[in-house]
Amino acid sequence: MIIDILTVVPEILDSPFKYSIIKRAQERGLIEINVVNLRDFAKGNYRQVDDYQYGGGAGMVMMIEPIYNAIQSLTEKRGGYDEIIYTTPDGEQYKQQTANYFSTLDKILILCGHYKGVDHRVREHLITREISIGDYVLSGGELAAAVIVDSVVRLLPGALGDSESALTDSFQDNLLAPPVYTRPADFKGWKVPEVLLSGNQKAIEEWRLKQSIERTRKLRPDLWEKLDLDLD
Ligand code: 6GU
């Protein structure tokens, strides 16, 4: 899978992909991540990428021309993208099922939003998906892009070891994951639930499912209601 990321602040993405699972996935050739500086496609001495908005108002807007040129150039180089994603707080809310879908693609481009956003013609004509990672505002789309990449890479076959299966992640079945424990079994009198030490695998699985259900009902009633609907 190829993930290209177009940004005006490539430095923000210097480190997120250098460690752990994402690093290993790159070394194994499962994924190629390229961070591209939008300014390289801007014109003039100042290589301007943003400008005042028509109609007035505070905040700069990302110009269409450098974005168009960058997307044209990258699209040609890659022979097309499966999705061109724009990160923006007013996009569709990112969910595990979106990550699952992205993980099935060969080539994606992520355009990171900045300032007041992009000239709306970019969204109308150049972008195929608009993604928000939650109902809060970030200074730019780079951290959102890193979130998307991380959530997608861990789903690629071979990215995780056997012991790290993504199938048991929270949200994969709309249930939160159960609590986990490791040694020691008793720390200052704080004990690990007895059933986990019992060796009774059936009882352990039942306990985990019950914990998942209880935690989901209590902490995420919105997921719990959806689960009820799914069972109908
Ligand atoms: Cl994708 N971008 C920005 N700037 N803020 C956000 C976001 C994205 N998702 C949630 N807040």
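In this text, all values refer to a predicted model and were calculated from it rather than measured experimentally. Counting starts at 1 for both ligands and their atoms, in listed order.
Salt bridge annotation for Lys210-Glu205: absent, with no cationic side-chain nitrogen under 4.0 angstrom from a carboxylate oxygen. Salt-bridge check for Lys107 with Asp4: failed, with every basic side-chain N at 4.0 Å or more from each acidic carboxylate O.
When the side chain to side chain contact (heavy atoms under 4.5 Å, CB included) test is applied to Gln53, the partners found at least two apart in sequence or on another chain are Val61, Lys116.
No side-chain heavy atom of Val192 sits less than 4.5 Å from a side-chain heavy atom of Thr182. You'll find the side chain of Val122 stays beyond 4.5 Å of the side chain of Met62, heavy atoms only.
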Could you list each N/O atom of ligand 1 together with any protein N/O atom closer than 3.5 Å, one pair per line with the distance?
| from | atom 1 | to | atom 2 | distance (Å) |
| --- | --- | --- | --- | --- |
| ligand 1 | 4 (N) | Leu138 | O | 3.1 |
| ligand 1 | 5 (N) | Leu138 | N | 3.0 |
| ligand 1 | 9 (N) | Ser132 | OG | 3.4 |
| ligand 1 | 9 (N) | Ile133 | N | 2.9 |
| ligand 1 | 11 (N) | Tyr136 | O | 2.5 |

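Formation of a donor-acceptor pair under 3.5 Å by the Ser73 side chain with backbone atoms of Asn69 is not found in this model.
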